[in-house]
Every structure is written in structure tokens, then in C-alpha cells.
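What you see below is based on every heavy atom in this structure, not just the backbone, and it leaves out hydrogens, waters and symmetry mates.
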Amino acid sequence: MEDSEKYYREGAAYYKTIMAAKAKGKDFGNQVYFNLIGLSLEGMLTGLIMQTGDLPEHSSIGSMFRMLKDQYEVPESFAEESRFLNKFMNYFCSLDIEKQEDPNDKDIERMLNFLTVAKEWIDQQISLN
């Protein structure tokens with residue numbers, strides 16, 4: 001499916017950009033890294049979901065992994081890590097006025113570790129022709 005490849009490759013390109021920037025010590029700020037991590041996961045997961053003939057029902061990382069549980073054995077740790085990412089996203093989506101909590105350096109490292117593990121898992125599932 002051509003579109004699934006497009007989405008996957010876009011997400012993988014974000015991943016490559018993030019990892020290269022971190023390796024070079026680029027300080028984009030944690031909010032930018034957080035957003036790039038989200039875009040990377042959304043792209044790769046959308047590609048994998050589209051490969052099954054479906055479209056994502058929601059754009060949240062957790063809901064995409066839940067959708068994939070019908071077709072694949074998704075690691076249990078992905079649910080917890082998805083909730084951790086979502087904790088920061090809730091500030092953007094909330095109708096309540098709350099003080100925004102930006103991810104700190106330790107949070108970003110946790111997200112990067114999850115992104116790497118998730119990409120490895122997605123790469124094992126996806127079949128690009």
C-alpha cells in the first residue's frame with residue numbers, strides 16, 4: 001500500500017532527524033523534541049495501521065497501539081509509555097486553563113528510549129514492498 005509507506009517513511013524521517021540532532025548536541029528545546037517524537041510515532045504507526053487496511057481512529061499514540069492489538073502482539077509496556085507521552089499532550093488539548101508542564105531532560109530521554117523501542121517493534125511488523 002503506497003500511502004502506508006509514505007506515512008511510515010515520514011515518521012522514520014522524523015526519527016532520523018531527532019536522533020541526529022541529539023547526537024550532535026542540538027538544543028532545539030524539550031518542547032520541540034517532544035513534538036518531533038509525537039510526529040515520528042504518529043507517522044510510523046499510521047503507516048503500520050494502513051498496512052492492515054485500516055485508518056487510525058484517533059491520532060493518540062495509545063489509541064493507535066490499541067488498534068494494532070487486534071492484529072499484532074503489542075508489548076504491554078507501550079501502554080504505559082503512551083500514557084506518559086499523553087500526559088504532556090493533555091495540556092494542548094484541554095479546555096481547562098492549566099499551567100503547562102513542559103517535559104524535562106529526563107522525560108525527553110524516556111520518550112526517546114520509547115521511540116527507539118517502538119520503532120524497532122514497528123520495523124519488525126511492517127512490510128515495505
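Residues Met44 and Leu115 have side chains in contact (heavy-atom distance under 4.5 Å, counting atoms from C-beta outward). No side-chain heavy atom of Gln125 sits under 4.5 Å from any side-chain heavy atom of Glu73. The side-chain heavy atoms of Phe114 and Ser82, taken from C-beta on, include a pair separated by under 4.5 Å.
Atom CG of residue Asn30 and atom CZ of residue Phe88 lie 9.5 Å apart, to the nearest 0.5 angstrom. Met111 CE to Leu41 CG: the interatomic distance, rounded to the nearest 0.5 Å, is 10.5 Å. Atoms CD1 and OH, on Ile122 and Tyr15 in that order, are 11.0 Å from each other to the nearest 0.5 Å. The line from CG of Asp107 to NZ of Lys87 is 5.5 Å long, rounded to the nearest 0.5 Å. To the nearest 0.5 angstrom, Thr46 atom OG1 is 9.0 Å from Glu10 atom CD. Taking CE of Met19 as the reference point, atom CG of Leu112 lies at 5.0 Å (rounded to 0.5 Å).
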### Task
Report the C-alpha distance between Phe78 and Val117 in whole Å, list the side-chain angles of each, state the deciding distance to 0.1 Å, and finish with yes or no for side-chain contact (heavy atoms from CB on, under 4.5 Å).
CA-CA 9 Å; Phe78 287 10; Val117 170; 3.8 Å; yes
### Task
For Leu68 and Ile49, run side-chain contact (heavy atoms from CB on, under 4.5 Å): C-alpha distance rounded to whole Å, both residues' side-chain angles, the deciding distance at 0.1 Å, then the answer.
CA-CA 7 Å; Leu68 288 166; Ile49 290 169; 3.6 Å; yes
### Message
Could you go through Asp105 and Tyr33, starting from their C-alpha distance and side-chain angles, then the distance that decides it, and tell me whether this counts as side-chain hydrogen bond (donor to acceptor under 3.5 Å, both in side chains)?
### Response
CA-CA 10 Å; Asp105 291 345; Tyr33 277 115; over 6 Å; no
### Message
Working note: Tyr72 + Thr52, criterion side-chain contact (heavy atoms from CB on, under 4.5 Å); need CA distance, chi angles, decisive distance, verdict.
### Response
CA-CA 10 Å; Tyr72 303 98; Thr52 69; 3.7 Å; yes
### Query
Could you go step by step and tell me if Trp121 and Leu48 meet the side-chain contact (heavy atoms from CB on, under 4.5 Å) rule?
CA-CA 11 Å; Trp121 180 84; Leu48 182 56; 3.7 Å; yes
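Minimum interatomic distance between Ser40 and Gly11 (heavy atoms only, all atoms of both residues): OG-O, 2.8 Å. Closest of all the heavy-atom pairs between Ile61 and Gly38 is CD1-O, 4.2 Å. Contact between Pro56 and Met67 at its shortest, heavy atoms only, is CA-SD, 3.7 Å.
Partners of Glu42 according to the side chain to side chain donor-acceptor pair (under 3.5 Å) rule, which considers only residues two or more places apart in sequence or in another chain, do not exist here.
Of the N and O atoms on the side chains of Tyr14 and Asn35, not one donor lies less than 3.5 Å from an acceptor on the other residue.
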